[in-house]
2 protein chains.
Amino acid sequence: MAQNICPVETGLQFLSGRWKARILWKLYNGTLRFGELRRGLSGITEKMLAQQLKELERDQLIIRTQYPEMPPRVEYSLSPFGRSLTPVLEALKQWGNDNQKQIIRLKNQNAKLETK
Amino acid sequence: MAQNICPVETGLQFLSGRWKARILWKLYNGTLRFGELRRGLSGITEKMLAQQLKELERDQLIIRTQYPEMPPRVEYSLSPFGRSLTPVLEALKQWGNDNQKQIIRLKNQNAKLETK
DNA sequence: GCCTTTACTTCCTTTTTGGTAAGTATCTGT
DNA sequence: ACAGATACTTACCAAAAAGGAAGTAAAGGC
């Protein structure tokens, strides 16, 4: 994470990458195990999930709880700091809903441009 | 822009990359010329600025106006669609302000971990 | 005729991110 | 003794994003 001055960029750095926002979004509905997350995030590999969870934990957005059982059980949940991102994620969700049509139109349009 | 189902991820795709949010943030205060943007975004190269502006224009978040003068004058401003992202950017800014201390602490901490 | 200004583009290299496939540890059940 | 379950790790490769340096076009001023 490089230096930054722009207040708007700071938050985005915590959500950067293809999976972090999606992982957090899942955890907003409550605690989940590693395997539950993997099954819930279609397309993610175990490597990416483990890596992203580790970064989210390092950034203190989530809490990892390991139970001394075998086979292992590890649960992930949002920390208060993680919950503090709620307004951002809600705003993103709202925007996505409000602008669905425009977004779909754009995607089709951009897809066409690429193949030309 | 790949398929996506997560409503929260959609918005982030429009802000992805190191510069887009910062560019939009600058434009919230009004129209700016290419050179003004370049000077305002410390560290950006002309190549990156041109590329990102082109993508933002393709995504219809900004409007490019070219004047038939020489040397050329090109102005960039937010479109209504770009303005619709205001709540997201405001939420990000707010979060950055509210959590300044925590964020700085985290950055120092993570920086230390890296060098170890 | 040449330098300056502005808004780019092009080519090439480096860095970062994402992905695939295989392997590991440990206990339970058969 | 061996397969299955769970939560990972490791080595390697591919793709995407970012960056540096140089070049381009067109008019005006000296």
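Quick note on labels: first sequence line is chain A, next is B, and so on, each numbered from 1. These numbers come from the heavy atoms of this one structure, side chains and all, not from hydrogens, waters or symmetry mates. Computed from a predicted model, the values in this text were never measured in an experiment.
- Using a 4.0 Å heavy-atom criterion, one finds that B:Y67 contacts no nucleic acid atom at all.
- Salt-bridge check for A:E75 with A:R73: passed, with a basic side-chain N closer than 4.0 Å to an acidic carboxylate O.
- For A:Q66 and D:dT6, the CD to C1' distance is 11 Å, given to the nearest whole Å.
- Regarding contacts with the backbone of D:dA7, every side-chain N or O of A:R39 stays at 4.0 angstrom or more from both OP1 and OP2.
- Using a 4.0 Å cut-off, some side-chain N or O of B:R64 falls inside it from OP1 or OP2 of C:dC8.
- Partners of A:K20 by side-chain hydrogen bond (donor to acceptor under 3.5 Å, both in side chains), not counting sequence neighbours, listed by chain and number: A:E55.
- What separates CD of A:E36 from C1' of D:dA5 is a distance of 14 Å, to the nearest Å.
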(request) Could you encode protein contacts along nucleotides 12-30 of chain D as a string, one character per nucleotide from 5' to 3', using B for base contact, S for sugar-phosphate-only contact and - for no contact, with a heavy-atom cut-off of under 4.0 Å? (result) ------BBB-----BS---
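- Taking atom CG on A:L49 and atom C1' on D:dC8, their separation rounds to 10 Å, with Å as the unit.
- The residue A:R33 sits close only to the backbone: its heavy atoms come under 4.0 Å of sugar-phosphate atoms, none of a base.
- Atom CZ in B:R73 sits roughly 14 Å away from atom C1' in C:dT5 (whole-Å rounding).
- Atom CZ of A:F34 is separated from atom P of D:dA5 by 16 Å (rounded to the nearest Å).
- Using a 4.5 Å cut-off on side-chain heavy atoms (C-beta onward), A:I63 and A:E57 make no contact.
- Two residues are said to be in side-chain contact when any heavy atoms from C-beta on lie closer than 4.5 Å; B:Q13 and A:K107 meet this criterion.
- Side-chain contact check for A:L56 versus A:F14: every heavy-atom pair is 4.5 Å or farther apart.
- Atom CG in A:L41 sits about 12 Å away from atom P in C:dG19, given to the nearest Å.
- Spacing between atom CG of B:L37 and atom C1' of C:dA7 amounts to 12 Å, rounded to whole angstrom units.
- Counting only distance, with no hydrogens or angles, the side chain of B:T31 and the backbone of B:S77 share no donor-acceptor pair below 3.5 Å.
- Classification of the B:F34-B:Y76 ring pair by plane angle, with boundaries at 30° and 60°, yields tilted.
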